[in-house]
Amino acid sequence: PRMAHRRIDNTANHCDIVTDVRGGFIHAVGGNVKDSVTMSLYPVDGRGRLVSSSGHPWMVVVENRVN
């Protein structure tokens with residue numbers, strides 16, 4: 001609820017592209033942060049889902065699956 005009332009501005013919204021999930025981490029590439037492109041590692045649980053982390057208020061995770 002606290003996050004729902006937070007103003008979304010240019011520091012609150014960002015998108016990374018997941019490139020891999022291995023070794024207990026999601027590997028994601030993102031850009032347009034301090035004029036650079038970076039790879040970030042985010043921990044996952046045993047089912048490959050994001051682990052809750054302070055400082056990262058996840059809003060949505062989208063996965064495109066091809067059948």
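Just so we're clear, the structure is a prediction, and the values are computed from it rather than from any experiment. The analysis underlying the following values was restricted to heavy atoms, covering all of them including side chains, and did not include hydrogens, waters or symmetry mates.
For R47, there are no side chain to side chain donor-acceptor pair (under 3.5 Å) partners at least two apart in sequence or on another chain.
Between V29 and M39, the closest side-chain pair of non-hydrogen atoms falls below 4.5 Å.
A pairwise comparison of heavy atoms in V44 and V51 identifies C-CG2, 3.4 Å as the closest pair.
Here the straight-line distance linking atom CG of D16 with atom OG1 of T38 works out to 6.5 Å at 0.5 Å rounding.
Just one of D20, V18, I17 meets the side chain to side chain contact (heavy atoms under 4.5 Å, CB included) condition when paired with H27; it is D20.
Under the 4.5 angstrom side-chain criterion for Ile, Leu, Val, Met, Phe, Trp and Tyr, the cluster partners of F25 are L41.
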